[in-house]
Visitor: 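I have a structure here, written as structure tokens, and I will follow up with some questions on it.
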Amino acid sequence: MISLKYKWVIGAFVLSSLTYSCKKDVLDIKPTDFVSDAAVFSDINLTSQFVTNIYSSLLSGFERRDAGLGQDWSVGFGLLDMATDDIEGHAALNVNSIQNGDLNPSNFNFSIEMWQANYIVIRKANTLLARIDAVPTTNTNLKARLKAEGRFLRAFAYEELIKAFGGVPLITTEQKVSDDLFVPRSSFEECVNFIVKECDEAAVDLPSTYGDAELGHATKGAALALKARVLLYYASPLHNPSNDLQRWKRAADAAKAVMDLKVYDLHPDYYRLFLDKTGNKEVIFAKKYGRPGRIHETAWKLGMSIQAPAVIGGVWGAFHATQNLVDSYEMKNGKLIGEAGSGYDPQNPYANRDSRLDASLLRNGSQWKGVTVETFEGGNANMASNGDRTKTGYGLKKMMDEKYVTADQVYQGGDNDWLFMRYAEVLLNYAEAQNEFSGPDNNVYDAINEVRRRAGQPALGGLTQPQLRERIRNERRVELSFEEHRFFDVRRWKLGSVYFNQPVKRMRIVKNPNGTFTYTVENLENRVYRENFNLLPIPQIERERNPNLGQNEY
């Protein structure tokens, strides 16, 4: 049988033959790096490299395209959280149309890329799992591990799909041309059950840790953390309208299983967490980057455009955090800025705030690459002549490496890893699920307060279940900012009409003649959100290929 991928290759070959029939000798030349499938699955070392290739196919937040597949110039502009109340994107970005309520099967480039990229991972994993048993080797432990990695990667790709689209086609075998390729969608529950089963079985053959040379490969903890995440989604209001408490218990128990491994811990430095590659016990699963062959362009596409001699001024400046997000950072005393006794001063708005604010964002008065950031009107990050100036008064610091100072260094790209899963998320997943199941108890407080302790925030206690629910949700927003959780969290909570259907705000800052500043919060943009946006529409191009997909309401 000829697999589907070979069908595409043959089609391309026929087209090339028609176009270049006068140059037959060119067609007979194989690429110098060509390795046949037969060779790949007759050598365990080549099979291991094939698994590495599957990892490289994972779609990270550093690689999303704003302008759609094939538009490589837009790679790195497509952070999902640009479609939330936490970020306002550059005026030129297509994602801005979504904020106006224009979400349809043809215009949301993120959804097309998500669908296709994850099914590429699934197709490769299915190929691996169909053929690995026949690979000759005496290293049976390695074979078992590679097989488990394939199962984890397939499960991870399905988790990425279902949190966006709900139920999707479950394809678990290597498809052939003779197969029925018009696979209908499975239910959300069926997909969850499949992912959970795969994670449980993969965890058996995955190691707890790796040496530095193999960081990035799936571990037992990664499989169990993925299970916990998908069960949290399954228990959430979007997929659990009757509030079945046993779903919450399953999610809490799954997260607790990761905690009980005693493998992970919070990194002591929140800013360095996203830059340190080795000795970082918080990372559970990440997409690895490294010079010279694998870098990302976040540094100059999302970086703040600062017009100062010592700082590059040529970055795109596509990222602008909203005042809505900034207002969610507590004061150091643990109170929200609107609470009585918080001590918040609207004319000194960044004093005595949660340390994660300055570890995540650049704002007026921040120090960055030896320069004081000026987001006041006419300041070095907010000059009227600079089309890439800050739109909100804020820029991105989290995940940005300050060591790349000059223009040449920034344009070489970043090489820090994208963190898909980390231990703080597991603690917050546990706190949320356990609070929903049992209400506030010591276990809930212990989990959320462990996250808060790293930031220097006081411990929570004495709250009702609804009060603690709100604090957990706010903690997720602050702790996991820009890691593409809020896009899905607000949807699974069914709170899009609360958070995404209101204006986003900016901070307008004027420097007074005496050197003081006047801070004024202003509406920047009205946003539109409808309940049927909780699941993304199936891309139209995929429905044309497979008429059995159906469609989500949009």
Side-chain angles (χ1 to χ4, degrees), residues 59-69 71 74-118 160-166 233 238 298 301-302 316-326 328 360 391-392 394 396 398-399 418 473 476-477 480-506 523-540 552-554:
L59 180 63
S60 83
F62 288 150
E63 299 165 308
R64 296 190 193 276
R65 292 166 172 81
D66 175 69
L69 292 172
Q71 300 291 322
S74 71
V75 172
F77 285 135
L79 199 66
L80 273 180
D81 285 344
M82 287 180 169
T84 75
D85 55 344
D86 284 354
I87 304 175
E88 173 68 11
H90 192 285
L93 298 182
N94 292 335
V95 68
N96 293 318
S97 64
I98 308 304
Q99 319 297 15
N100 299 323
D102 185 16
L103 179 61
N104 65 65
S106 300
N107 80 327
F108 195 35
N109 293 317
F110 293 173
S111 65
I112 298 170
E113 188 173 40
M114 275 191 283
W115 186 281
Q116 295 187 4
N118 282 295
E160 292 290 285
L161 286 166
I162 68 171
K163 69 184 182 183
F165 302 105
Y233 276 72
L238 179 61
T298 307
K301 289 185 175 177
L302 300 186
W316 184 274
F319 173 100
H320 314 276
T322 65
Q323 189 64 40
N324 310 52
L325 170 64
V326 173
S328 70
S360 302
K391 295 170 65 177
T392 61
Y394 305 102
L396 179 62
K398 181 176 176 177
M399 300 182 282
W418 176 265
R473 288 175 175 174
R476 288 184 70 91
R477 184 180 192 179
L480 304 176
S481 61
F482 322 136
E483 297 174 54
E484 302 195 325
H485 288 277
R486 186 156 179 83
F487 182 90
F488 296 110
D489 279 347
V490 170
R491 285 170 162 79
R492 67 180 176 84
W493 294 330
K494 296 192 71 175
L495 292 176
S497 295
V498 175
Y499 292 108
F500 296 167
N501 201 43
Q502 61 177 325
V504 293
K505 300 178 180 182
R506 70 168 184 143
N523 286 350
L524 173 67
E525 178 182 272
N526 292 322
R527 297 281 179 87
V528 177
Y529 192 90
R530 295 190 290 273
E531 280 302 300
N532 54 14
F533 289 179
N534 287 333
L535 292 176
L536 301 182
I538 306 298
Q540 183 60 31
N552 295 328
E553 183 182 358
Y554 65 91

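Keep in mind that what you see is a predicted model, and the values were worked out from it rather than measured.
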Visitor: How far apart are the closest heavy atoms of S360 and S481, and which atoms are they?
Guide: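 Here S360 and S481 meet closest at OG-OG, 4.1 Å.
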Visitor: Looking at every non-hydrogen atom in both residues, tell me the closest pair between F487 and A83 and how far apart they are.
Guide: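 Looking at all heavy atoms of both residues, the closest pair is CE1-CB, 3.8 Å.
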Visitor: Taking N118 for the side chain and W115 for the main chain, is one N or O donor matched with an acceptor at less than 3.5 Å?
Guide: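 Checking the backbone N and O of W115 against the side chain of N118, no donor-acceptor pair under 3.5 Å is found.
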Visitor: Has the side chain of N104 got a donor or acceptor atom that lies under 3.5 Å from a matching backbone atom of S106?
Guide: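 Pair found, side chain donor or acceptor close to backbone of S106.
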Visitor: Does any non-hydrogen side-chain atom of N107 lie less than 4.5 Å from one of I98?
Guide: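 Yes. Closest side-chain heavy atoms under 4.5 Å.
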Visitor: So, for F533 and V528, which heavy atoms are closest and what is the spacing to 0.1 Å?
Guide: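 The answer is CE1-O, 4.1 Å.
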Visitor: Do Y499 and W493 make the cut of ring centroids closer than 6.0 angstrom?
Guide: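 Between W493 and Y499, which both carry aromatic rings, the centre distance is not below 6.0 Å.
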Visitor: With a 4.0 Å cut-off, would you call K398 and E483 a salt bridge?
Guide: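 Salt bridge between K398 and E483, a charged N being under 4.0 Å from a carboxylate O: yes.
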Visitor: Once side-chain contact (heavy atoms from CB on, under 4.5 Å) is applied, do any residues pair with Q71, and if so which ones, sequence neighbours excluded?
Guide: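 Result, side-chain contact (heavy atoms from CB on, under 4.5 Å) vs Q71: A67, W73, S74.
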Visitor: Taking F110's backbone N and O only, do any of them form a donor-acceptor pair with E113's side chain (distance below 3.5 Å, no angle check)?
Guide: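 It does not hold such a pair.
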Visitor: Rounded at 0.5 Å granularity, tell me how far NZ in K391 sits from CD in E525.
Guide: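 Spacing of NZ (K391) from CD (E525) equals 6.5 Å.
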Visitor: Would a distance-only check, ignoring hydrogens and angles, find a side-chain to backbone donor-acceptor pair under 3.5 Å from N324 to P503?
Guide: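 Indeed, once roles are kept as given, a pair shorter than 3.5 Å links the two residues.
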Visitor: Working to the nearest 0.5 angstrom, can you tell me the gap between N523 CG and Q502 CD?
Guide: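 So the CG of N523 and the CD of Q502 are separated by 9.5 Å.
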Visitor: Restricting to non-hydrogen atoms, name the atom on N534 and the atom on L238 that form the minimum distance, rounded to 0.1 Å.
Guide: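 Heavy atoms only, the tightest pair is CB-CD1, 3.8 Å.
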Visitor: What pair of heavy atoms forms the shortest contact from N501 to S497, and how long is it?
Guide: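 Distance-wise, the nearest heavy atoms are CB-O, 3.3 Å.
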Visitor: Report yes if the side chains of F165 and S111 come closer than 4.5 Å at any heavy-atom pair, otherwise no.
Guide: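 In contact.
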Visitor: Tell me, do E160 and M114 make a side-chain contact under 4.5 Å, heavy atoms counted?
Guide: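 Side chain of E160 against side chain of M114, heavy atoms only: no contact under 4.5 Å found.
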Visitor: Given side chains that start at C-beta, do those of F488 and L80 come closer than 4.5 Å, heavy atoms only?
Guide: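 Yes. Closest side-chain heavy atoms under 4.5 Å.
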Visitor: Roughly how far, to the nearest 0.5 Å, is the NE2 atom of H485 from the CZ atom of R476?
Guide: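 Answer rounded to 0.5 Å: 6.5 Å.
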Visitor: Would you say the rings of F319 and F482 are close, in the sense that their centroids are separated by under 6.0 Å?
Guide: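 Distance test on ring centres: under 6.0 Å, yes.
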Visitor: Can you pull out every salt bridge (charged side-chain N to carboxylate O under 4.0 Å, His left out) where at least one residue sits in residues 92-107? Sequence neighbours excluded, please.
Guide: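 The answer is none; no pair qualifies.
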Visitor: Quick check: are there more than 12 heavy atoms from other residues, nucleotides or ligands sitting under 6.0 Å from NZ of K505?
Guide: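 It does not: K505 NZ has 12 such atoms or fewer within range.
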Visitor: Assess whether side-chain contact (heavy atoms from CB on, under 4.5 Å) is satisfied between M82 and N96, documenting all intermediate values.
Guide: CA-CA 8 Å; M82 287 180 169; N96 293 318; over 6 Å; no
Visitor: Using a 3.5 Å distance criterion without hydrogens, assess whether the side chain of D81 forms a donor-acceptor pair with backbone atoms of T84.
Guide: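 Not a single qualifying donor-acceptor pair exists.
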Visitor: Would you call R530 and L103 a side-chain contact if the rule is heavy atoms closer than 4.5 Å?
Guide: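 Of all side-chain heavy-atom pairs linking L103 with R530, none is under 4.5 Å.
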Visitor: Any heavy-atom pair between the side chains of H90 and W316 that's under 4.5 Å?
Guide: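 When only atoms from C-beta onward are counted, H90 and W316 do touch, with a gap below 4.5 Å.
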Visitor: Could you check whether any side-chain heavy atom of Y394 comes within less than 4.5 Å of a side-chain heavy atom of V326, counting everything from C-beta outward?
Guide: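 Yes, side chains in contact.
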Visitor: May I ask you to decide if N109's main-chain N or O and N94's side chain share a donor-acceptor pair within less than 3.5 Å?
Guide: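 No, because the side chain of N94 does not come within donor-acceptor range (under 3.5 Å) of the backbone of N109.
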Visitor: Looking only at atom types and distance, does a side-chain atom of R477 sit under 3.5 Å from a main-chain N or O of R473, one as donor and one as acceptor?
Guide: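 Here the side-chain-to-backbone pair does not exist.
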Visitor: Between OG1 of T392 and CZ of R506, what distance do you get to the nearest 0.5 Å?
Guide: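 So the gap between those two atoms works out to 9.0 Å.
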Visitor: So, N552 side chain and L536 main chain: donor-acceptor pair closer than 3.5 Å or not?
Guide: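 Indeed, once roles are kept as given, a pair shorter than 3.5 Å links the two residues.
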Visitor: Taking all non-hydrogen atoms of both residues into account, name the closest pair between I87 and R527 and its distance.
Guide: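 Scanning both residues, the minimum pair turns out to be O-NH2, 3.4 Å.
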Visitor: Quick one: do the Q99 and Y529 side chains pair a donor with an acceptor below 3.5 Å?
Guide: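 Short answer, no.
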Visitor: As an exercise, state the distance from CD of Q540 to CD1 of I112, rounded to the nearest 0.5 Å.
Guide: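 One finds 9.5 Å between CD of Q540 and CD1 of I112.
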Visitor: Salt bridge check, D86 against R486: does any charged N sit closer than 4.0 Å to a carboxylate O?
Guide: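 Looking at R486 and D86, the cut-off is met.
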Visitor: Under the criterion salt bridge (Lys or Arg N to Asp or Glu O under 4.0 Å), I'd like the reasoning laid out for E484 against R64: C-alpha separation, chi angles, the key distance, then a yes or no.
Guide: CA-CA 11 Å; E484 302 195 325; R64 296 190 193 276; 2.8 Å; yes
Visitor: In Å, rounded to the nearest 0.5 Å, how long is the span from NZ of K301 to CG of D66?
Guide: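 The NZ atom of K301 sits 10.0 Å away from the CG atom of D66.
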Visitor: Please confirm whether the backbone N or O of G89 pairs with a side-chain atom of H320, one donor and one acceptor, at under 3.5 Å?
Guide: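 Flag not set: sc H320 to bb G89 has no pair under 3.5 Å.
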